[in-house]
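Structure record follows, encoded as structure tokens.
Here the structure is a predicted model, which is why all the values come from computation and not from measurement.
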Amino acid sequence: SRTRRLFKGGMMEATDFLGNTLAVGDKVVYAQLRYRNLKTGYVRKITPCMVFISDKQQITEFEDWHKQSHNQVIKI
């Protein structure tokens, strides 16, 4: 699929809805689950199917992460 591509050495490249490459620390826009609101957040973790997003730029011990598919976020 266009959202998942493997490079040499097994490094994964994830792309957002517009095809931009995503990396940990990138600021993204996503739709808040169960609401019709758009929120901004920061990519904390990338898996083959999901992007984990935090509302805070600084990493804290107790933070809520939001899960979204790669094609449900847009890098800003």
So, the side chain of Lys27 versus the backbone of Lys75: is there a donor-acceptor pair under 3.5 Å, distance only? no
Is there a continuous path of hydrophobic side-chain contacts, each under 4.5 Å between heavy atoms, that joins Val73 to Ile46? yes
Do Tyr30 and Val51 have side chains that get closer than 4.5 Å, going by heavy atoms? no
Can you name the residues that form a side-chain hydrogen bond (donor to acceptor under 3.5 Å, both in side chains) with Lys67, not counting sequence neighbours? none
Nearest 0.5 angstrom please: Gln32 CD to Leu38 CG, how far? 9.5 Å
Heavy-atom pair with the smallest gap, counting every atom of His70 and Pro48: CE1-O, 3.4 Å
Between the main-chain N or O of Gln72 and the side-chain N or O of Ser69, is there a donor-acceptor pair closer than 3.5 Å? no
Side-chain heavy atoms of Val43 within contact of Val28, under 4.5 Å: yes
Rounded to the nearest 0.5 Å, how far apart are CG of Asn71 and CG of Asp16? 9.5 Å
Rounding to 0.5 Å, atoms CD1 (Ile53) and CZ (Arg44) come to a distance of 10.5 Å
In chain order, what residues pass the side chain to side chain contact (heavy atoms under 4.5 Å, CB included) check against Val24, with sequence neighbours excluded? none
Asn20 versus Thr15: any side-chain heavy-atom pair under 4.5 Å? no
Distance in Å, Phe52 CZ paired with Thr47 OG1, rounded so as to fall on 0.5 Å steps: 5.5 Å
Over 12 non-hydrogen atoms of neighbours within 6.0 angstrom of NZ in Lys39: yes
Distance in Å, Ile74 CD1 paired with Thr40 OG1, rounded so as to fall on 0.5 Å steps: 13.0 Å
